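So the structure is just underneath, and the comments pick up after that.
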Amino acid sequence: MAAFSSEAQCGSEAMSPLLYYALPTLGCYVILSIFFLRWPRLLHTPRPPAFLIRLAAHRGGSGERLENTMEAMENSMAQRADLLELDCHLTRDGVVMVSHDENLFRQSGLNKDMSSLDFEELPLYKEELEVYFSPGHFAHGSDRYMVRLEDVFRRYPKMPMSVEIKENNEELIHKVANLVRCFDRSEITVWASEKNSVMRKCKAANPEMPVAFTIMRTFWMLLLYYLGLLPFVPIPEKFFFCFLPTIINRTYFPFSCGWLNQLSAVVTKWVIMRKSLIQHLEQRGVQVLFWCLNEESDFEVAFNLGASGVMTDYPMALRHYLDNVDQQL
């Protein structure tokens, strides 16, 4: 018994110095992390953005006119949109087209990939298209022509745009980069992609263009935030395009299984919807936009969280909301 007591005392004495140094160190780390999370500009001086976004038109404004058509973009411009969100693919003859899908069946009824057709062979859009983030609602328009990215740049030379590259296609990436340079719009055109591998090639093709977070970089950023390390790490991205978790099970169904959608809604809401995180990113020069929101209640949630802007299929509805808010201020 005496020997056991002696060993326990020795163990206690060995632990005391560890606790003596570790606990204050941990406490200081927590305090510093919280302090710089709230006041990051004491460590980082963000460069003023080339443009600010409150109203971003998803697929050019795909709820009020047919997606990615000039008519949709004209409508968004009339609503004083701050950004046009576009996706790009290549035709067989190497033309950069504005299109969300590579396969044209949903958009046109023709079950062929865009890469298997020349520009002159591309079909018209259907007369109506379901709005993906507003199931059961359909967009119509008199303009049914698919458009080239070059034509969009020529029509709106000063309009900020986000160009998402969905496929790992180096020819597409370099052609987009060259078009951006040709029209002298590197500062107002955003590289967007879900994949790190694609984003690396985008940045190499035109490093002057601002970039948005990829999925993997988003996970990494969230991990750093919860570990308390985010205030001490550089953030090269200028935009965080994030879906609003509360739209899962209403307008967004990322999984085919119902219970997975419910689980993802709960988990992502808990993880992402943190005012301290959004405010920190904003102070670091990262504009936070929630997508794809088509109802006023969702606009309210996003802006109450501190988001700088909202991406919507209905620019007219968002403009009406923003004007009402501005009048109340």
Side-chain angles (χ1 to χ4, degrees), residues 57-76 84-153 161-176 179 192-195 197-198 201-202 214-215 241 243 247-258 260-261 291-292 294 311-314:
H58 183 242
R59 302 185 194 179
S62 62
E64 294 163 356
R65 301 291 189 275
L66 293 176
E67 64 184 54
N68 293 321
T69 59
M70 284 295 188
E71 186 179 29
M73 297 177 206
E74 283 289 343
N75 178 65
S76 296
L84 297 177
E85 188 273 340
L86 310 172
D87 310 273
C88 289
H89 294 280
L90 273 183
T91 60
R92 182 171 57 194
D93 52 347
V95 178
V96 182
M97 300 300 300
V98 177
S99 173
H100 181 269
D101 301 352
E102 160 67 0
N103 185 276
L104 301 173
F105 183 73
R106 177 190 66 85
Q107 298 163 304
S108 71
L110 180 64
N111 191 14
K112 287 190 175 183
D113 288 348
M114 182 170 285
S115 57
S116 70
L117 299 171
D118 290 341
F119 171 67
E120 296 295 337
E121 299 173 318
L122 293 176
L124 297 175
Y125 282 111
K126 294 177 181 178
E127 291 184 357
E128 66 174 19
L129 290 173
E130 185 172 22
V131 184
Y132 183 81
F133 289 96
S134 290
H137 293 79
F138 293 84
H140 304 81
S142 57
D143 180 5
R144 296 170 56 197
Y145 287 95
M146 296 182 180
V147 298
R148 302 183 302 176
L149 183 64
E150 178 181 352
D151 294 331
V152 178
F153 284 172
M161 299 179 197
S162 169
V163 178
E164 182 170 356
I165 307 297
K166 292 184 175 293
E167 53 187 298
N168 198 342
N169 185 325
E170 292 196 29
E171 182 185 1
L172 171 62
I173 292 168
H174 282 282
K175 286 196 170 185
V176 170
L179 281 172
S193 180
E194 293 183 348
K195 301 175 182 177
S197 58
V198 174
K201 294 177 181 178
C202 291
T214 62
I215 290 178
F241 300 143
F243 75 93
I247 71 173
I248 296 178
N249 297 317
R250 286 196 295 110
T251 65
Y252 179 45
F253 306 91
F255 303 103
S256 57
C257 182
L260 274 179
N261 283 320
W291 59 259
C292 181
N294 295 332
M311 192 176 294
T312 183
D313 292 310
Y314 295 91

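Position 1 is the first residue of the sequence; numbering continues from there. Heavy-atom basis, side chains included; hydrogens, waters and symmetry copies ignored. In this text, all values refer to a predicted model and were calculated from it rather than measured experimentally.
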Side-chain donor/acceptor of [X] to backbone N/O of [Y], under 3.5 Å:
X      : Y      : result
Glu130 : Gly136 : yes
Ser116 : Lys112 : no
Ser76  : Gly60  : yes
Asn261 : Asn249 : no
Arg65  : Gly141 : no
Glu128 : Ala139 : no

Mind checking whether Trp291 and Phe133 have parallel, tilted or perpendicular rings, split at 30° and 60°?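 Aromatic pair Trp291/Phe133 classed perpendicular.
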Side chains of Asp118 and Thr91, donor plus acceptor under 3.5 Å: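 Short answer, no.
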Hey, are Asn168 and Lys201 close enough side-chain-wise for a donor-acceptor pair under 3.5 Å?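 Result is yes, a qualifying pair exists.
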[X] versus [Y], closest heavy-atom pair with distance:
X      : Y      : result
Tyr314 : Gly63  : CE2-O, 3.5 Å
Cys88  : Leu172 : O-CD2, 3.6 Å
Ile165 : Cys202 : CG1-SG, 3.9 Å

Which of these, Leu124, Thr69, Leu122, sits in a side chain to side chain contact (heavy atoms under 4.5 Å, CB included) with Tyr145?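 Exactly one option meets the side chain to side chain contact (heavy atoms under 4.5 Å, CB included) with Tyr145, and it is Leu124.
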Hey, which of Arg148, Lys175, Glu150 is the one that makes side chain to side chain contact (heavy atoms under 4.5 Å, CB included) with Val95?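 Result for side chain to side chain contact (heavy atoms under 4.5 Å, CB included) with Val95: Arg148.
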[atom1] of [X] to [atom2] of [Y]: how many Å apart, nearest 0.5 Å?
X      : Y      : atom1 : atom2 : value
Ile247 : Tyr252 : CD1   : OH    : 7.5 Å
Arg59  : Leu129 : CZ    : CG    : 9.5 Å
Lys126 : Phe138 : NZ    : CZ    : 9.5 Å
Leu84  : His58  : CG    : NE2   : 12.0 Å
Met73  : Glu67  : CE    : CD    : 10.0 Å
Leu66  : Met70  : CG    : CE    : 14.5 Å

Side-chain contact test, heavy atoms from C-beta onward, threshold under 4.5 Å: evaluate it for [X] versus [Y] and give yes or no.
X      : Y      : value
Glu85  : Phe241 : no
Ile248 : Phe253 : no
Asn111 : Leu104 : no
Leu179 : Val96  : yes
Met114 : Ser99  : yes
Ser62  : Asn68  : no
Phe119 : Arg92  : no
Ile215 : Lys195 : no

Residues forming a side chain to side chain contact (heavy atoms under 4.5 Å, CB included) with Asp101, sequence neighbours excluded: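 For Asp101, the residues satisfying side chain to side chain contact (heavy atoms under 4.5 Å, CB included) (neighbours in sequence not counted) are Arg106, Gln107.
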Checking Lys166 now: which residues fulfil side chain to side chain contact (heavy atoms under 4.5 Å, CB included) with it, not counting sequence neighbours?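 Counting only residues at least two positions away or on another chain, Lys166 forms a side chain to side chain contact (heavy atoms under 4.5 Å, CB included) with Asp87, His89, His100, Glu164.
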Stepwise, does the side-chain contact (heavy atoms from CB on, under 4.5 Å) test hold for Leu90 with Ser115? CA-CA 6 Å; Leu90 273 183; Ser115 57; 5.9 Å; no
Quick check on [X]: does its [atom1] atom have over 12 non-hydrogen neighbours (other residues, nucleotides or ligands) under 6.0 Å away?
X      : atom1 : result
Glu194 : CD    : no
His137 : NE2   : no
Glu121 : CD    : yes

Got a sec, which residues hit salt bridge (Lys or Arg N to Asp or Glu O under 4.0 Å) with Asp113, two or more places apart in sequence or on another chain?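 Partners of Asp113 by the salt bridge (Lys or Arg N to Asp or Glu O under 4.0 Å) criterion come out as none, since no residue qualifies.
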Kindly indicate, with the supporting measurements, whether the criterion side-chain contact (heavy atoms from CB on, under 4.5 Å) is fulfilled by Val176 and Leu149. CA-CA 8 Å; Val176 170; Leu149 183 64; 4.1 Å; yes
Could you walk me through whether His140 and Glu127 pass the side-chain contact (heavy atoms from CB on, under 4.5 Å) test, one step at a time? CA-CA 6 Å; His140 304 81; Glu127 291 184 357; 5.9 Å; no
